Amino acid sequence: MKFLAARRRNPLVALGLLLVALVAVGGGYAAIANIQPAQASASSQTQVEEGKRLYLAGCSSCHGMAAQGTSNGPTLLGVGAAAVDFQVSTGRMPLAAPGAQAIVKTPTYNETQIAALAAYVASLAPGPAIPTAEDTSFDNADVAQGGVLFRTNCAQCHQAAGQGGALTQGKWAPNLMQATPKEMIEAMITGPASMPVFSDGTLPIKDKQAIISYVNNLQNASSPGGLDLGRLGPVTEGLFLWTAVFAALIAAAVWIGIKAR
Amino acid sequence: MSTTSPVETKGAAAATYLDQRLGSNKFLARNLGKVFPDHWSFMLGEIALYSFIVVLLTGTYLTLFFKPSMVELVYNGSYVPLKGIQMSEAYSSTLDISFDVRGGLLIRQMHHWAALLFVAAMSVHMFRVFFTGAFRKPRELNWIIGVVLVTMGLGAGFTGYSLPDDLLSGTGLQIIRGIVQSIPVIGTWGAFLLFGGEFPGTDIISRLYPIHILLIPGLILALVTVHLIMVFTQKHTQFPGPGRTNDNVVGYPLLPVYMAKAGGFFFIVFGVIALIGGLVSINPIWIFGPYTPDQVSAGSQPDWYIGWLDGALRLMPNLESTIAGFTLSWNVLVPSVIIPGLLFTALGAYPFIEQFVTGDKREHHLLDRPRNAPTRTALGVMALTFYLLLFIGGGNDLIAAAFNMSINSIIWFLRITLFILPPLMFVLTRRICLGLQRRDNAKLLHGYEAGRILRLPHGEFIEVHEPLSVKELAVITSKSDISPLPIPQKTDIDGVKNKNYKSESRRAKLSHFFYGENIPLPTAAEIAAGQAHVAHDAAIEAPLHAYEDADQIENFHGGVLHHPGMAQTNAEQQDDR
């Protein structure tokens, strides 16, 4: 022990201990965080009970032990299975960090776990259900009518080409180019973040399907005019003009000017 | 005559044919040899001219298919996502141009890109003219024509933006309506007059159409002609250089050199526009959909040249006041009417303001280097900074979305910097200009630093300075120093009161503001002394260059040469030689 005793006052010791402590805490947390879901999927409890357990472990610190809401998160009573499915399956929940708005990331839970969470929250109070395959099918929808509805109801935030846009105080309306039909219906019926709720009373399911069909068309549309510059309108067009086109012409002018000297 | 080639004979015959009918030979002989100075920045105006020609050509093609009518119809063209939708005939015919007319989309995109380029090239051309002082006497009137041309360009662009009657067009017109309404007293009635009733009405497209295709292009064409004739008769300005004076023009004759260059450049500009017209999408109106007043898209923006006005509107705080029951909308009036009004008035009046302040009534054909007019350059940079901040403001929502920022923070940042940054840039630019003047003077007095350090026999180190090239010398000494107007006396020698004392002293103050800070060029004697010093350096260094065994030299440092194997003092080396 003489070796250690002699060196315990070395200034590097504090740093080393800190490193060891950080690795222990971080590694321990990661181990626990990884193990928990595995246990859950292996358990044989009913879906709701499983959901409750997941809820208490992963959600209750902000939404409250009985989903009643706290100062850190809203109540989940009445939000329905659709809201849970939308928020958790897109990775928005659990929140990565407090901020203006939840960001989309890789989902933390797998499909069975999300279904369990949704079932638990739905069991607390009635709310919108996860849309069925029939709801999300838009084979018979009128794409042109969907365009009209999209421009009337959605374009003021999501932009006419569905590229998204800025809202106040750092919030934003997301880009819809990766949105799936199920996510779109869920967003419309639950109104996540700043989005208003478009219930089936105000916007019948047929109209929702038409909108989805139009967005799907935007997602897959080719650009007849060539390079689409992000379909963001005159700003990117102006940027392209000043950076690429004008620079090329100035270079040509300089070239012509030099040649004759 | 047998030596004349057939081509020459044909050319001569054609010239004679024309001369006998038009008397053109004398005119051509006088003008085809006219000399134009050469500099890349003199071609910025050419870019504007050539893109305008492309706009005219493509625009003519578009008029063959476009229908300026707001009659509602049901679309039945080939773009499926809009099939069966009610829209105006203007929008539907623009869709037809894009999807069903052969070459229509290419021509439409070329038209739009060329229009953006037209205004861009005009603006940059204007900056060149401003910062080099090319607007000075005798070219003040041509400057005003240029400013009118820029305004016309904005007008042409905006009316064109509004014609397709898509969602962006209508949103722009909605804003125009708000701007007209904000004008005190006549606003409401003015808006009714413009739109023929309530917005959007059924008249606006058919009213904008003749303005866009006839009135504005006609005016631009006429003004461009006058603009060019004036350049021709007044002769082009030139940058200072060897042999270039205020009374001559050094360059190349119109024919063949300048014609070939200008012609070639036309094809380059045309080619670039055709290329991007074919490869890069612009204003895909089918995505924005037909205009209806109940719809608006996020990220609705004007084309770039209106961006600064949109930015002003976005940055302006929401101020309104009520006078005798009538609302005065400062929130729209200030950014959309007062600021552009002031800016364009100042722009047009600038040559006269500078002339008044400086009392400089001489003719100028030799361009100023921006550093030699520090106050003008600083004023220009200040205005440009102001403009750019507003311009950034016009894209605040896209910037917020692209960089994950809060749009509110961006607005507040710009609101504050709009007042802080321009004056700061003024001071900074003037200091930089004066610093560059000092540097020029140092070069005149000491030559430029060759980067070679020489150790003299007694141990002193000197850096070798080399004389300036003839060109650089001519450029630097082209500067003309102007002293500010003298401070007026309250009474003259005879004790008579100066009636104009107040205005004269105000003018003297302005003149002092303009010319007070200046680094005068050294006198000829000082320059001669400086050059002698440079020659002295060269004389000291000369033996090193003349050293006959230069190939054998192994070490060269500190100006001391060493033979391989033996150390020598400088004196010994001198003796060796």
Side-chain angles (χ1 to χ4, degrees), chain A residues 100 103 142-148 150-152 155-161 163-173 175 214 217-218 221 223-229 231-242 244-246 248-250 252-261, chain B residues 38-44 46-47 80-85 98-99 105 109 113 116-117 120-121 124 167-168 252 257 261 264-265 268-269 272 276 278-284 287-289 294-304 307 395-398 400-401 404-409:
Chain A
I103 51 172
D142 181 348
V143 62
Q145 200 52 41
V148 174
F150 182 82
R151 287 189 291 274
T152 310
Q156 61 264 58
C157 297
H158 290 286
Q159 200 247 10
Q163 298 295 325
L167 302 176
T168 54
Q169 306 292 359
K171 290 173 289 198
W172 67 90
N175 183 318
Y214 184 71
N217 182 281
L218 286 176
S223 170
L227 193 66
D228 67 10
L229 300 176
R231 282 196 217 150
L232 288 169
V235 170
T236 43
E237 290 161 7
L239 196 67
F240 178 78
L241 177 91
W242 278 102
V245 182
F246 213 75
L249 289 175
I250 297 273
V254 172
W255 176 63
I256 291 174
I258 287 169
K259 276 281 156 175
R261 239 166 240 162
Chain B
D38 225 3
H39 192 268
W40 67 267
S41 69
F42 298 164
M43 287 182 214
L44 295 166
E46 282 179 39
I47 301 180
V80 176
L82 283 173
K83 239 179 186 160
I85 300 297
S98 305
F99 293 110
L105 185 56
Q109 295 197 146
W113 279 120
L116 295 194
L117 184 60
V124 181
L167 202 48
L168 282 185
Y252 290 91
V257 179
K261 283 177 167 206
F265 197 42
I268 290 178
V269 173
V272 167
I276 52 170
L279 295 178
V280 187
S281 180
I282 185 165
N283 197 15
I287 282 181
F288 296 108
D294 61 334
Q295 294 176 357
V296 66
S297 165
S300 288
Q301 315 275 359
D303 277 335
W304 78 263
N396 58 6
D397 52 340
L398 264 83
N404 279 334
M405 292 197 279
S406 159
I407 195 166
N408 306 56
S409 315

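The analysis underlying the following values was restricted to heavy atoms, covering all of them including side chains, and did not include hydrogens, waters or symmetry mates. Predicted model only: the values in this text are computed from it and were never measured. Naming: A, B, ... by sequence-line order, numbering from 1 per chain.
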How far apart are the C-alpha atoms of Q109(B) and I276(B), what are their side-chain angles, what is the distance that settles it, and do they pass the side chain to side chain contact (heavy atoms under 4.5 Å, CB included) test?
CA-CA 8 Å; Q109(B) 295 197 146; I276(B) 52 170; over 6 Å; no
For a side chain to side chain contact (heavy atoms under 4.5 Å, CB included) check, start with the C-alpha distance between F288(B) and N283(B), then their side-chain angles and the critical distance, and finish with the verdict.
CA-CA 9 Å; F288(B) 296 108; N283(B) 197 15; 4.0 Å; yes
Please lay out, stage by stage, how F240(A) and V245(A) fare under the test side chain to side chain contact (heavy atoms under 4.5 Å, CB included).
CA-CA 7 Å; F240(A) 178 78; V245(A) 182; 3.7 Å; yes
Is there a side chain to side chain contact (heavy atoms under 4.5 Å, CB included) between S300(B) and L167(B) once you walk through the steps?
CA-CA 9 Å; S300(B) 288; L167(B) 202 48; 6.0 Å; no
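Neither the backbone nor the side chain of A100(A) comes within less than 4.5 Å of any heavy atom in chain B. Within the 4.5 angstrom heavy-atom criterion, atoms from both the backbone and the side chain of L241(A) approach chain B. Only the side chain of F99(B) comes within less than 4.5 Å of a heavy atom in chain A; its backbone stays farther off. If you measure heavy-atom distances from L398(B) to chain A, the contacts under 4.5 Å come from the side chain alone. Both the backbone and the side chain of A161(A) come within contact range of chain B, judged by heavy atoms closer than 4.5 Å. When heavy atoms are compared at a cutoff of 4.5 Å, I407(B) approaches chain A by way of both its backbone and its side chain. Residue L239(A): no heavy atom, backbone or side chain, is found under 4.5 Å from chain B. Using a 4.5 Å cut-off between heavy atoms, V272(B) touches chain A through its side chain atoms alone. Heavy atoms of I47(B) lying under 4.5 Å from chain A belong exclusively to its side chain. When heavy atoms are compared at a cutoff of 4.5 Å, L116(B) approaches chain A by way of both its backbone and its side chain. Of the atoms belonging to Q301(B), heavy atoms from both backbone and side chain fall under 4.5 Å from chain A. If you measure heavy-atom distances from L117(B) to chain A, the contacts under 4.5 Å come from both the backbone and the side chain. The parts of T168(A) that come within reach of chain B are both its backbone and its side chain, each placing non-hydrogen atoms under 4.5 angstrom from that chain. I282(B) touches chain A through backbone and side chain together, each having a heavy atom under 4.5 Å away.
Across all their heavy atoms, C157(A) and A298(B) have their closest contact at O-CB, 3.4 Å. In this structure, S281(B) and W113(B) approach most closely via the heavy-atom pair O-CZ2, 3.8 Å.
Side-chain contact between E237(A) and D303(B): present, with at least one pair of heavy atoms (C-beta onward) separated by less than 4.5 Å.
Ring-plane geometry between W304(B) and W242(A) is classed as perpendicular, the angle between the planes exceeding 60 degrees on a 0 to 90 degree scale with a lower cut at 30.
Of the listed residues (L44(B), V124(B), V80(B)), the one with the most heavy-atom contacts under 4.5 Å to chain A is V124(B). Per-residue counts of heavy-atom pairs under 4.5 Å with chain A were compared for L279(B), D397(B), N404(B); the largest is that of L279(B). For chain B, the option among A248(A), A244(A), P224(A) with the highest count of heavy-atom pairs below 4.5 Å is P224(A). Top candidate by heavy-atom pairs under 4.5 Å with chain B, chosen from G226(A), A253(A), G225(A), is G225(A). Counting heavy-atom pairs closer than 4.5 Å to chain A, the top-ranked of the candidates G84(B), A121(B), S409(B) is A121(B). With chain B as the partner, the residue from T152(A), N175(A), D228(A) showing the most heavy-atom pairs under 4.5 Å is T152(A). Looking only at heavy-atom pairs under 4.5 Å with chain B, the residue among Q159(A), Q156(A), R151(A) that has the most is R151(A). Taking T236(A), V143(A), L232(A), D142(A) one by one and counting their heavy-atom pairs under 4.5 Å with chain B, the maximum is reached by L232(A).
Between F150(A) atom CZ and N217(A) atom CG the span is 11.0 Å, to the nearest 0.5 Å. If you take OG on S406(B) and CH2 on W172(A), they are separated by 11.5 Å, rounding to the nearest 0.5 Å. Between the CG atom of L218(A) and the CZ atom of R231(A) there is a distance of 6.0 Å, given to the nearest 0.5 Å. To the nearest 0.5 Å, the span separating CD on Q163(A) from CD1 on I287(B) amounts to 8.0 Å.
Put simply, the side chain of N408(B) gets close to the backbone of Q169(A): a donor and an acceptor are under 3.5 Å apart.
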